[in-house]
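Read the structure below first, then the notes.
In the text below, chain A, chain B and the rest are named by the order of the sequence lines, each starting its count at 1.
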Amino acid sequence: MIKFYLTSAIPYVNAAPHIGHAQEFVYSDTVRRYRKLKGEDVTYLCGADENALKIVQAAEKKKQDPQTFCNVHQKEFLNLAEKLNVKFDIWQRGTDRKHHFPASQKLWELCDKKGDIYKKTYTGLYCVGCETFYTPDELDGKGECFEHPGKKLDNVSEENYFFKLSRYQKFLEDLIKTNKLKIFPEIRRNEAFAFINRGLEDFSISRSRQRAKNWGVPVPDDPNQIMYVWFDALNIYQSGIGLGWDEKKFRKWAPQDAMIIGKGILRFHAVYWPAILQSAGLPLPQTLFVHGYMTVDGQKMSKTVGNVVDPVEILEKYNSDSLRYYLLREIPSYSDGDYSERRFKELYNSDLANGLGNLVARVARLAEKTEVLQIHKFSFNERAAGNFQKNLEEYRFNDAIEIIWNKIKEANQHIDTNEPWKLTEKGLTSFLNVSANRIVEIATLLQPFLPQTSKKILDQFQSKEIRSQPPLFPRL
RNA sequence: GCCAGCGUAGCUCAGUGGUAGAGCAGCGUCUUCAUAAGGCGUGGGUCACAGGUCCGAAUCCUGUCGCUGGUACCA
């Protein structure tokens with residue numbers, strides 16, 4: 001049995017989930033379901049990024065200790081996933097001392113043994129108020145940070161550990177040029193390649209324990225240093241499947257067959273991560289899908305504008321499949337997309353209520369009037385044509401779904417051409433043996449995208465007697 | 001600043017040299033099995049702007065304007 005190990009970016013738990021998280025969860029869940037339908041042994045891992053300094057700062061503001069803060073906020077993501085009907089096989093947290101800490105220390109030691117970790121003095125502009133280093137372009141015209149105007153930044157030097165990324169220049173060039181790591185869409189591949197070609201510098205992978213506020217994964221054999229959050233956060237992809245605590249499990253699932261991320265973190269996944277793994281002598285990820293960002297009513301989401309869309313609110317009003325449909329169909333998976341309630345309703349009515357829902361209702365009603373029909377049990381693989389699967393494997397969800405909706409259109413045409421309401425019972429039965437099976441085929445193909453709806457239709461049409469049911473998607 | 005991409009019907013987008021396309025929204029019409037749903041038909045675009053190459057440009061070249069992304073320690 002072919003194994004398939006899928007990961008999506010681990011959300012940073014210092015803010016509530018927004019519609020972009022919903023998008024990534026739904027994409028990942030669709031891939032997970034698709035692979036399962038193909039008969040592969042699939043594990044989908046997501047988790048919580050909890051070791052950043054900003055977590056400590058956010059917790060301080062709420063007068064909570066960081067661990068409590070994380071415990072509370074990571075749940076919001078689990079809650080969203082559940083409401084979206086998205087299933088994580090593994091949920092790996094960054095604060096998990098039993099598995100994640102030893103796994104990250106093991107990764108560190110492997111890179112260290114290879115000679116890729118060394119100590120160097122890092123000098124930067126440090127804002128005492130923010131407790132963060134800034135680069136000059138992150139500051140305002142006066143060279144001050146935006147949070148604390150009028151306060152000069154300190155020039156602070158600190159000894160940190162660095163990772164010898166420069167050593168992997170050639171390796172990374174080849175990795176991407178030869179498509180050993182396949183990146184979708186191509187524009188992201190080009191970006192990663194351009195970044196590498198400009199020349200790679202070593203990057204810092206630790207902070208002083210004091211500056212990290214004693215929060216994060218300790219560096220092995222150096223009580224004064226804590227791992228920089230990126231080093232351990234990426235490693236959640238491995239700590240969750242057993243690195244350092246269950247070698248058998250790790251060998252079964254590694255490497256990542258697919259990583260799903262947003263465009264903002266391309267560099268970490270296409271450059272830093274493969275280099276770290278290569279250094280550690282661990283297996284390398286196979287494909288990387290990079291989706292875009294979502295705007296709301298044409299505007300960037302931002303807390304200050306106050307237009308952040310809470311997907312849970314949508315899910316309280318509409319069922320999960322209708323939001324899944326919007327995200328999968330309306331948003332072009334290779335570029336940015338927009339969410340608007342007006343468009344949501346438009347798409348819901350035209351495609352789900354009038355399209356799929358109505359088709360199912362009209363055929364079900366006709367079927368009530370006939371003898372037993374011969375309904376097939378299609379296997380997904382058998383019905384999924386080449387283009388359909390290709391679209392899915394290249395993460396063009398919107399194109400894949402379009403193929404299904406063309407079938408819905410054809411099914412409607414077929415009904416209107418044959419005018420089954422004029423047929424005798426015998427004629428009707430033979431008509432429905434075609435028409436009802438078309439619906440079963442459509443529902444079969446729909447499984448990765450709209451699992452609940454697909455199941456409802458299959459249950460309805462594969463039961464002994466087909467009966468009319470309440471509308472799948474009542475018109476809005 | 002530099003690099004890359006984009007700008008096509010009200011909306012979302014396809015089309016990369018040979019008479020402008022799809023879906024949705026609109027309009028008309030047919031039909032009644034169906035969620036006032038469905039089928040068929042139809043209106044709608046100086047293809048950002050200006051210049052150039054070519055028998056012929058949405059498509060190639062140059063320039064202008066607008067938007068987006070990247071430009072390393074930003075989850």
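Summarising the base pairing, B:rU53 is matched to no nucleotide, lacking a Watson-Crick or G-U wobble pair whose two defining distances lie under 3.5 Å. When both pairing distances are held under 3.5 Å, B:rG26 makes a Watson-Crick or G-U pair with B:rU42. Pairing partner, B:rC6: B:rG66, with both Watson-Crick or wobble hydrogen-bond distances short of 3.5 Å. For B:rA58, there is no paired nucleotide, since no Watson-Crick or G-U wobble pair has both relevant distances below 3.5 Å. When both pairing distances are held under 3.5 Å, B:rU16 makes no Watson-Crick or G-U pair with any nucleotide shown. The partner of B:rG1 is B:rU71, judged by Watson-Crick or G-U wobble contacts that both fall below 3.5 Å.
In this structure, the nucleotide among B:rG39, B:rU12, B:rU35 sitting nearest to the side chain of A:Lys409 is B:rG39. Residue A:Asp336 places its side chain closer to B:rU68 than to any other of B:rU68, B:rC33, B:rC74. Distance from the side chain of A:Glu346 is smallest for B:rC24 among the nucleotides B:rA72, B:rC74, B:rC24. Comparing B:rU35, B:rU32, B:rC11 against the side chain of A:Arg342 picks out B:rC11 as the nearest. Which of B:rU35, B:rC13, B:rU71 sits closest to the side chain of A:Leu472 comes down to B:rU35. In this structure, of B:rG69, B:rU32, B:rC73, it is B:rC73 that holds the atom nearest to the side chain of A:Ser204. For A:Arg188, the side-chain atoms get nearest to B:rG69 when compared with the rest of B:rC24, B:rG69, B:rA72.
The separation between A:Arg343 atom CZ and B:rC13 atom P is 10 Å, rounded to whole Å. We find that CG of A:Leu347 is positioned 19 Å from P of B:rA22, with the value rounded to whole Å. Here B:rC11 presents its C1' atom at 13 Å from CG of A:Asp297, a figure rounded to the nearest Å. Protein atom CG of A:Asn358 is 12 Å distant from nucleotide atom C1' of B:rG39, rounded to whole Å. Note: CG (A:Asp416) to P (B:rG41) measures 13 Å, nearest angstrom. As rounded to whole Å, 17 Å separates atom P of B:rA37 from atom CH2 of A:Trp421. In this structure, CG of A:Asn418 is placed 14 Å from P of B:rC40, rounded to the nearest angstrom.
Across all strands, A:Gln413 comes closer than 4.0 Å only to sugar-phosphate atoms, never to a base (heavy-atom distances). Residue-level contact check: A:Pro332 touches the backbone only, with heavy atoms under 4.0 Å from sugar-phosphate atoms and none from bases. Using a 4.0 Å heavy-atom distance criterion, A:Ser350 is classed as a sugar-phosphate-only contact. Residue-level contact check: A:Leu359 touches neither bases nor backbone, having no heavy atom under 4.0 Å from any strand. Using a 4.0 Å heavy-atom distance criterion, A:Lys345 is classed as making no nucleic acid contact. Residue A:Asn412 is in sugar-phosphate contact alone, with no base atom involved, counting any heavy-atom pair closer than 4.0 Å across all strands shown. Using a 4.0 Å heavy-atom cutoff across all strands shown, A:Ala353 reaches at least one base atom of the nucleic acid. Across all strands, A:Ala9 comes closer than 4.0 Å to no nucleic acid atom at all (heavy-atom distances). Nucleic acid contact class of A:Gly94 (heavy atoms, under 4.0 Å, all strands): none. When heavy atoms are screened at a 4.0 angstrom cut-off, A:Leu266 is found touching no nucleic acid atom at all. Using a 4.0 Å heavy-atom cutoff across all strands shown, A:Pro420 reaches no nucleic acid atom at all.
From A:Leu352, atom CG reaches atom CZ of A:Arg329 across 10.0 Å, with rounding to the nearest 0.5 Å.
Looking at A:Asn354, its side chain has no donor and acceptor atom pair within 3.5 Å of the base of B:rA37. At a cut-off of 3.5 angstrom, the base of B:rC33 holds no donor-acceptor pair with the side chain of A:Arg365.
Side-chain contact check for A:Thr287 and A:Tyr395: at least one donor-acceptor pair (N or O, by modelled atom type) lies under 3.5 Å. Checking A:Ser322 against A:Asn319 by side-chain atom types alone, a donor-acceptor pair falls below 3.5 Å.
Ring centroid separation for the pair A:Phe344 and A:Tyr318 comes in under the 6.0 Å cut-off. The aromatic ring centres of A:Phe25 and A:Phe88 sit less than 6.0 Å apart. If you look at A:Phe449 and A:Phe397, their ring centroids are not closer than 6.0 Å.
For the OP1/OP2 pair of B:rU35 and a distance below 4.0 Å, the side-chain nitrogens and oxygens of A:Arg362 include no atom meeting the criterion. Side-chain N/O atoms of A:Arg207 include none lying less than 4.0 angstrom from OP1 or OP2 on B:rC73. Remark: A:Lys263 is not in phosphate contact with B:rU68, judged by side-chain N or O atoms under 4.0 Å from OP1 or OP2.
With hydrogens and angles ignored, the 3.5 Å screen pairs a side-chain donor or acceptor of A:Asp336 with a backbone N or O of A:Tyr293.
Both A:Tyr293 and A:Tyr228 lie close to RNA chain B; mapped to their nearest nucleotides by heavy-atom distance, the more 5′-ward contact belongs to A:Tyr293. In terms of position on RNA chain B, the residue among A:Glu419 and A:Phe473 whose nearest nucleotide sits closer to the 5' end is A:Glu419.
B:rC60 and B:rU8 have their P atoms separated by 16 Å, with the value rounded to a whole Å. A distance of about 25 Å separates the C1' atoms of B:rG70 and B:rU62, rounded to the whole Å.
Residue ring and base: A:Phe203 does not count as stacked with B:rC73 (centre distance below 5.5 Å and interplanar angle below 30° not both satisfied).
Using a cut-off of 4.0 Å between Lys/Arg side-chain N and Asp/Glu carboxylate O, A:Glu191 and A:Lys263 are scored as not salt-bridged.
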